[in-house]
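Reviewing the structure listed below.
From a predicted model like this one, the values you see are computed outputs, not experimental measurements.
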Amino acid sequence: MNDDERNQTTIAEGTQPQQNGSETDAVLDHARIDLALEAVDAGDARALAAALEPLHAADIADLLEQISPSERRAMVALYADQIDGDILSELDDSIREDVIESLPREILAEAMRELDTDDVVDILEDLEHRDQAFILQSLESEDRAAVESAMAYPEASAGRLMQSETVSMPQDWTVGQAIDYLRNAEWLPDQFYHVILVDERHRPQGNVTLGRVLAAKRDVALMDIAEEILRTVEATEDEAEVAFLFNKYHLISAPVVDEAGRLVGVITIDDAMNVLDEEHEEDMLRLSGVVMEASVSDSALTTARLRLPWLVVNLFTASLSAVVITQFEATIESLVILAALMPIVASTGGIAGTQSLAVAVRSLATRSLTSANARRVVWRELGAGLLNGIGLALVLGLGGWLIFGDLVLGAVLGMAMICNQIVAALGGVLVPLTMNRLGMDPALASGTFVTTLTDVMGFFAFLGFATIFLL
């Protein structure tokens, strides 16, 4: 290729994204949502297709998630022939089954055939057996076998997360042989990042990035340009462990092996990061007592049903605070002002406990908080709680003295604040650590326990000191 031809190729390739700019720049805003809903109300399939055509599959999925169930059913009915596998894979689990149920069977079958096996498995996991059977029968025999093999692995395992489509080559090949193979292959995955080098028993021996393959000379051995360290994942390994591995070692993809060490699939960074996002979302929701199944598209009845159990638990734990308060009934009757000041100590402790808890749960999830450094972290939280308590005590104690003209009342407020800040800091780290040691999810119910602890200690310390020093 001469310089002119090379420049023409570069110019043509460089202008291509601009030609499609109107599509890639389209966003899902209120105007487009209104336009789509107007087309649905009018029953105008052509107008609906025109409104949605510039959008990415993820944006169309977002639109289906944001509208009401009745609007969603009408839109799916009108837009059914345009719904493909990419849109289905982007849908939230909470509404995907409803969309699939609304699709004509032949369109559903075609959409599923477009997807990689890992995306098919992800969709099948949340469907009823009848829909699973239909989709499996719709797949090509080779894809069906791969999906059934993946579904045989435990839930939330690497085997469920992997895609069976891999690009593997004998470990003794050269770059030239690899390039010739890739050019002449009848089928390759739409996206792949590594060429996996295997031995005669199909066990991974090395990983070569496509960039190195393209940059090396034809006679260079693939093993000579392989990455220094090969990290494989066992198919039965928990997907959370896989996501942690990707995040820690900055992996792009990793081969998946069976119990004999043979290559059975590959996990790519997008799937691993999806798991990491789900883990973080799950921790955040559980800290608030909300289950993962919650969705903005849920009805009021469903939302109430999902939240009520934890509210009942909170009701009983909050009763402990009431029990503590009743023990100091005489003190409160003698100094009514105490009733107004009690929530200050308790609520400030609750906020501090939540701060410490959030850091601890996040650190446990990312493995930065372990048994090796737990003691140091606990002492750090103790020191931070003490310093925060002293700072708040000076402010609150001075305010109590100036407003109420009682130096002893200010001192009582300050002492109670120091005690509760220390309890909040320690509770925020010790509660999740204890739950983790017991094999329980550290995010599960930790918020309830820490809040109860700070409320009870706040009331007890404040009213106890008031009884001792003010009566």
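Atom CZ of Arg437 is separated from atom CG of Leu430 by 11.0 Å, given to the nearest 0.5 angstrom. Atom CG in Leu369 sits 4.5 Å away from atom CG in Leu364 (nearest 0.5 Å). Taken from OH in Tyr153 to CD in Glu234, the straight-line distance is 10.5 Å, to the nearest 0.5 Å. Annotation: the span from Asp84 atom CG to Leu115 atom CG amounts to 8.0 Å, rounded to 0.5 Å. Note that OG1 of Thr326 is 9.0 Å distant from CD1 of Ile332, once rounded to the nearest 0.5 Å. Separating the CD1 atom in Ile100 from the CZ atom in Arg96 is a distance of 6.5 Å, to the nearest 0.5 Å.
Side-chain atoms of Gln163 and Val121, non-hydrogen and from C-beta on, never get closer than 4.5 Å to each other. Under the 4.5 Å side-chain criterion, counting only non-hydrogen atoms from C-beta, Val361 is in contact with Leu357. Gln421 is not listed as a side-chain neighbour of Leu386, based on a closest heavy-atom distance of 4.5 Å or more. Met151 has its side chain within reach of Gln132: a pair of non-hydrogen atoms, C-beta onward, lies under 4.5 Å apart. Counting heavy atoms from C-beta on, the side chains of Arg203 and Val257 never come closer than 4.5 Å. Using a 4.5 Å heavy-atom threshold, the side chains of Thr232 and Val256 count as separate. When side chains are defined from C-beta on, Thr354 does not count as touching Val450, because their heavy atoms never get closer than 4.5 Å. The side-chain heavy atoms of Thr268 and Ser253, taken from C-beta on, include a pair separated by under 4.5 Å.
The number of heavy atoms from other shown groups lying within 6.0 Å of CD (Glu148) is above 12. Counting non-hydrogen atoms of neighbouring residues, nucleotides and ligands closer than 6.0 angstrom, the CD atom of Glu97 exceeds 12 such neighbours. Within 6.0 Å of the CG atom in Asp190, the count of heavy atoms belonging to other residues, nucleotides or ligands does not exceed 12. A 6.0 Å sphere centred on CZ of Phe460 holds no more than 12 heavy atoms belonging to other residues, nucleotides or ligands.
In this structure a side-chain-to-backbone donor-acceptor pair under 3.5 Å is missing from Arg32 to Leu52. Proximity of a side-chain donor or acceptor of Ser149 to a complementary backbone N or O of Ala146 within less than 3.5 Å is not detected. The backbone N or O of Pro189 sits nowhere less than 3.5 Å from a side-chain atom of Glu165 that would complete a donor-acceptor pair. Panel note: side chain Asn420, backbone Thr454; a donor-acceptor pair is recorded below 3.5 Å. For Asp118 (side chain) and Met162 (main-chain N/O), no donor-acceptor pair under 3.5 Å exists by modelled atom type. Looking only at distances, a side-chain donor or acceptor of Asn274 sits under 3.5 Å from a matching main-chain atom of Asp270. In terms of modelled atom types and a separation under 3.5 Å, the side chain of Arg113 and the main chain of Leu139 share no donor-acceptor contact. Side-chain N or O atoms of Arg73 include none that pairs as donor or acceptor with a backbone N or O of Ser102 at under 3.5 Å. A donor-acceptor pair under 3.5 Å is absent between the side-chain atoms of Thr348 and the main chain of Val345, judged by distance alone. Checking side-chain atoms of Asp44 against main-chain N and O of Ala47 turns up a donor-acceptor pair under 3.5 Å.
When the side chain to side chain contact (heavy atoms under 4.5 Å, CB included) test is applied to Ala158, the partners found at least two apart in sequence or on another chain are Val233, Val242, Ile267. Listed by chain and number, the residues in a salt bridge (Lys or Arg N to Asp or Glu O under 4.0 Å) with Glu71 amount to none (sequence neighbours excluded). Glu114 meets the salt bridge (Lys or Arg N to Asp or Glu O under 4.0 Å) test with no other residue; sequence neighbours excluded. For Ser138, the side chain to side chain donor-acceptor pair (under 3.5 Å) test picks out no residue, with sequence neighbours left out. The side chain to side chain contact (heavy atoms under 4.5 Å, CB included) check on Ala133 picks up nothing, with sequence neighbours excluded. The side chain to side chain donor-acceptor pair (under 3.5 Å) check on Glu227 picks up His194, with sequence neighbours excluded. In this view, Arg105 and Asp131 satisfy the side chain to side chain donor-acceptor pair (under 3.5 Å) rule, not counting sequence neighbours.
Sequence neighbours left out, the pairs with a member in residues 366-382 that pass salt bridge (Lys or Arg N to Asp or Glu O under 4.0 Å) are Glu241-Arg367. Residue pairs satisfying the salt bridge (Lys or Arg N to Asp or Glu O under 4.0 Å) criterion with at least one member in residues 244-267, sequence neighbours excluded, are listed as follows: Asp258-Arg262.
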- Residues Ile344, Phe462; criterion side-chain contact (heavy atoms from CB on, under 4.5 Å); working and verdict: CA-CA 10 Å; Ile344 298 176; Phe462 180 55; over 6 Å; no
- Tell me, with the steps shown, if Ile87 and Gln82 meet side-chain contact (heavy atoms from CB on, under 4.5 Å). CA-CA 9 Å; Ile87 296 175; Gln82 302 293 322; over 6 Å; no
- CA sep, side-chain torsions, deciding dist, call: Asp59, His56, side-chain contact (heavy atoms from CB on, under 4.5 Å): CA-CA 5 Å; Asp59 291 321; His56 188 275; 3.7 Å; yes
- Query: Run the side-chain contact (heavy atoms from CB on, under 4.5 Å) check on Val431 and Thr434 step by step: do they pass?
  - Reply: CA-CA 5 Å; Val431 168; Thr434 301; 5.9 Å; no
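When all heavy atoms are compared, the tightest approach of Ala111 to Ile83 is CB-O, 4.2 Å. Heavy atoms only, all atoms of each residue included: Val40 and Ala74 are closest at CG1-CB, 3.6 Å. In terms of heavy-atom proximity, Ala425 sits nearest to Gly385 at CB-CA, 3.8 Å. Taking each heavy atom of Ile107 and Leu103 in turn, the nearest pair found is CG2-CD2, 4.4 Å. Taking each heavy atom of Pro204 and Pro255 in turn, the nearest pair found is CG-CB, 4.1 Å. Residues Asp238 and Ala240 come closest through the heavy atom pair OD2-N, 2.8 Å.
Among Ile123, Asp62, Leu64, the single residue meeting the side chain to side chain contact (heavy atoms under 4.5 Å, CB included) criterion with Leu91 is Leu64.
For Thr117 and Ser164, the side-chain atoms include at least one donor-acceptor pair closer than 3.5 Å.
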Could you pull out all donor-acceptor pairs under 3.5 Å where a side-chain atom in residues 463-471 meets a protein atom, sequence neighbours excluded?
residue: Thr467; atom: OG1; partner: Thr331; partner atom: OG1; Å: 2.8
residue: Thr467; atom: OG1; partner: Leu463; partner atom: O; Å: 2.7

Return a table of donor-acceptor pairs under 3.5 angstrom between the side chains of residues 387-404 and protein atoms on other chains or two or more places apart.
residue: Asn388; atom: ND2; partner: Ala384; partner atom: O; Å: 3.3

Please report, to 0.1 Å, the donor-acceptor pairs under 3.5 Å made by any side chain of residues 334-342, with sequence neighbours excluded.
residue: Ser334; atom: OG; partner: Ala330; partner atom: O; Å: 3.0

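Salt bridge Glu125/Arg160: present, at least one basic N to carboxylate O contact under 4.0 Å.
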